[in-house]
Amino acid sequence: QVQLVESGGGLVQAGNSLRLSCAASGRTFRTYAMGWFRQAPGKDREFVTAITWSSGSTYYADSVRGRFTISRDNAKNTVYLQMNTLNPEDTAVYYCASRLTFLNNNYYSQSSKYDYWGQGTQVTVSS
């Protein structure tokens, strides 16, 4: 089992930044990749970004590329999401997720491919 706990959400004005954290515990030595997804009210959960745990390869949704950065601290079993130049369309509950086994590049954006999920943290961007 893997437990994921997100933190760092809050209310910010458009143009500002936030950094989310996701701390993993449990059988984390099996982690292959971690991802961030978000879900706005009335919308489906959507992919934001992912990172492979060993090599640090990263993948981004077009909507956040250049504004958001994912990183990880293997020693702390923590993944971060630095979000810059936020806009109201970024308002959502942000979830981190972990994948335990190899995943082809084409599938990082699919939420069904992840094994464990955090409880989510709310990010609200005011205009």
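- Listed here is the closest heavy atom pair of Leu81 and Tyr94: CD2-CD2, 4.0 Å.
- Listed by chain and number, the residues in a side-chain hydrogen bond (donor to acceptor under 3.5 Å, both in side chains) with Gln122 are Thr124 (sequence neighbours excluded).
- Thr69 approaches Tyr60 most closely through the heavy-atom pair CA-OH, 3.3 Å.
- In this structure, Arg38 and Ala92 approach most closely via the heavy-atom pair CB-CB, 3.8 Å.
- Take Ser126 and apply the side-chain contact (heavy atoms from CB on, under 4.5 Å) test, not counting sequence neighbours, and it matches Leu11, Gln13.
- For Tyr95, there are no side-chain hydrogen bond (donor to acceptor under 3.5 Å, both in side chains) partners, not counting sequence neighbours.
- Listed by first and then second residue, the side chain to side chain donor-acceptor pair (under 3.5 Å) pairs involving residues 96-105 are Tyr59-Asn105, Arg99-Thr101, Asn104-Asn106 (not counting sequence neighbours).
- Remark: Ser55 pairs with Thr52, Ser57 by the side-chain contact (heavy atoms from CB on, under 4.5 Å) rule, at least two apart or across chains.
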List the atom pairs, donor and acceptor, that lie under 3.5 Å between side-chain atoms in residues 109-117 and the rest of the protein, sequence neighbours left out.
| residue | atom | partner | partner atom | Å |
| --- | --- | --- | --- | --- |
| Tyr114 | OH | Tyr108 | O | 2.7 |
| Asp115 | OD2 | Leu100 | N | 2.7 |

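- In this structure a side-chain-to-backbone donor-acceptor pair under 3.5 Å is present from Arg67 to Thr85.
- The disulfide (SG to SG under 2.5 Å) pairs that include a residue from residues 98-127 number zero, where partners must be two or more places apart or lie in different chains.
- Among residue pairs with one or both ends in residues 70-79, none qualify as salt bridge (charged side-chain N to carboxylate O under 4.0 Å, His left out); sequence neighbours excluded.
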Using a 3.5 Å cut-off and no angle test, enumerate the donor-acceptor pairs between side-chain atoms of residues 17-27 and protein atoms at least two apart in sequence or in another chain.
| residue | atom | partner | partner atom | Å |
| --- | --- | --- | --- | --- |
| Ser17 | OG | Asn84 | OD1 | 2.9 |
| Ser25 | OG | Gln3 | OE1 | 3.4 |

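- Under the rule for a side-chain contact (heavy atoms from CB on, under 4.5 Å), the partners of Val125 that lie at least two apart in sequence or sit in another chain are Val12, Ala14, Leu86, Pro88, Asp90, Thr91, Val123.
- Side-chain atoms of Thr49 and Phe37, non-hydrogen and from C-beta on, never get closer than 4.5 Å to each other.
- Scanning all heavy atoms of the two residues, the minimum distance from Ile70 to Trp36 falls at CD1-CD1, 3.7 Å.
- In the hydrophobic cluster analysis, where Ile, Leu, Val, Met, Phe, Trp and Tyr join through side-chain heavy atoms closer than 4.5 angstrom, Phe68 is grouped together with Ile51.
- Scored by the side-chain contact (heavy atoms from CB on, under 4.5 Å) test, Asp62 finds Arg65 as partners (sequence neighbours excluded).
- Using a 4.5 Å cut-off on side-chain heavy atoms (C-beta onward), Leu4 and Met34 make contact.
- A heavy-atom distance below 4.5 Å is found between the side chains of Gln119 and Glu6.
- Other residues, nucleotides and ligands contribute only 12 or fewer heavy atoms inside 6.0 Å of the OH atom of Tyr107.
- For the disulfide (SG to SG under 2.5 Å) condition, no pair includes a residue of residues 59-90, sequence neighbours left out.
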